[in-house]
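For reference, positions follow the sequence shown, starting with 1. Reckoned from all heavy atoms, side chains included, excluding hydrogens, waters and symmetry mates. Counting starts at 1 for both ligands and their atoms, in listed order.
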Amino acid sequence: MTRTADHPIADQFTGRWSPRAFADAALAEADLMPLFEAARWAPSASNNQPWRFAYGLRGDTAFAKIAAALVPFNRTWGEKAAALVAVASRSTVAKDGAENPNPWHAFDTGTAWGSFALQAYLQGLSAHAMGGFDAAKLAETLAMPTGYVLHAVIAVGHKGDAESLPEALRAREFPSPRLPLTQLVGRGAFK
Ligand SMILES: Cc1cc2nc3c(=O)[nH]c(=O)nc-3n(C[C@H](O)[C@H](O)[C@H](O)COP(=O)(O)O)c2cc1C
């Protein structure tokens, strides 16, 4: 399936998608760091920068721990990625010696993940977010501080051959469509 935008936009927006087939190739830290760097420059409420990341590279202990927290469906393909990145956000901000809720921590961290994913695409890499994981297990295994909220685990790597996937997943290995803007955008009122 090819994706066609209804309005002129840069290729990266339709070119990025979330494959599940990853190539065997390892990922050097030097290739992963620009993804965090792109995320780092995302906008956030009061420039609080609530996003936090913890990662492992395939073969190391952190990778194995993150993979072990994935639900079985995600683990089958996610553990073949070259890197696994847990995404959390700090849900409070320090002010006047107290921690106050930051209502935008999730919104801002989603923005950062978007930049991460687009940077991956621009580097010829794939990044696939997963919400299917055991949050309690992941928080413990990554020594997550109190007040952080886990959002996703991202599988990162070089795209692999769809043939490497089990039959059921192979059938889903293509870029997905989107709702039309007419269902999403209203002039003067929400749709
Ligand atoms: C927060 C979040 C959670 C997701 N969770 C999963 C998941 O647990 N397993 C999975 O296979 N894909 C997961 N996805 C991938 C989405 O299904 C995918 O992004 C969506 O279908 C749009 O497809 P595209 O990214 O290829 O454009 C998740 C994506 C996001 C952003």
Nitrogen or oxygen of Trp113 less than 3.5 angstrom from that of ligand 1: no
For Trp17, I'd like to know if atom CH2 has over 12 heavy atoms of other residues, nucleotides or ligands within 6.0 Å. yes
Taking only heavy atoms of Trp77, which atoms of ligand 1 are found under 4.0 Å from at least one of them? 10 (C), 11 (O)
Should the proximity of Arg172 to ligand 1, defined as any heavy atom under 4.0 Å, be assigned to the side chain, the backbone, both, or neither? neither
Identify whether the distance between the nearest side-chain nitrogen and carboxylate oxygen of Arg40 and Glu37 falls below 4.0 Å. yes
With a 4.0 Å heavy-atom cut-off (strictly under), which part of Phe174 contacts ligand 1: side chain, backbone, both or neither? neither
Heavy-atom distances under 4.0 Å are what count here, so tell me which part of Phe73 touches ligand 1: side chain, backbone, both or neither. side chain
Counting from 1, what ligand 1 atoms have a heavy atom of Ser176 closer than 4.0 Å? 22 (C), 23 (O), 24 (P), 27 (O)
Of the listed options (Arg178, His128, Arg3), which comes nearest to atom 12 (N) of ligand 1 when hydrogens are ignored and any heavy atom counts? His128
Starting from atom 11 (O) of ligand 1, which protein heavy atom do you reach first, and at what distance in Å? Arg20 NH2, 2.7 Å
Kindly confirm or rule out an N or O of Trp17 lying under 3.5 angstrom from an N or O of ligand 1. no
According to salt bridge (Lys or Arg N to Asp or Glu O under 4.0 Å), who are the partners of Arg75, at least two apart in sequence or on a separate chain? Glu79
Angle class for the Phe36/Phe53 ring planes (parallel below 30°, perpendicular above 60°, tilted otherwise)? tilted
Side chain Glu173, main chain Arg20, donor-acceptor under 3.5 Å: yes
Evaluate the 4.0 Å heavy atom contact test for atom 4 (C) of ligand 1: does a protein atom fall under the cut-off? yes
Return the residue, atom name and 0.1 Å-rounded distance of the protein heavy atom closest to atom 28 (C) of ligand 1. Ala129 O, 3.1 Å
Would you call Arg172 and Glu167 a salt bridge, taking side-chain N to carboxylate O under 4.0 Å as the test? no
For atom 7 (C) of ligand 1, is there a protein heavy atom at a distance under 4.0 Å? yes
Under 3.5 Å: N/O of Pro175 near N/O of ligand 1: no
Under a 4.0 Å heavy-atom limit, does Ala152 contact ligand 1 with its side chain, its backbone, both, or neither? neither
Can you tell me which portion of Val71 lies within the under-4.0 Å heavy-atom range of ligand 1? Options are side chain, backbone, both, or neither. neither
Selection residues 127-150 - residue pairs positive for ring-ring contact (aromatic ring centres under 6.0 Å, His included), sequence neighbours left out: Trp77-His128
Is any heavy atom of the protein nearer than 4.0 Å to atom 30 (C) of ligand 1? yes
When you look for heavy atoms under 4.0 Å from ligand 1, do you find them on the side chain of Glu173, its backbone, both, or neither? neither
Tell me which part of His151 gets within contact of ligand 1: side chain, backbone, both or neither, using heavy atoms under 4.0 Å. neither
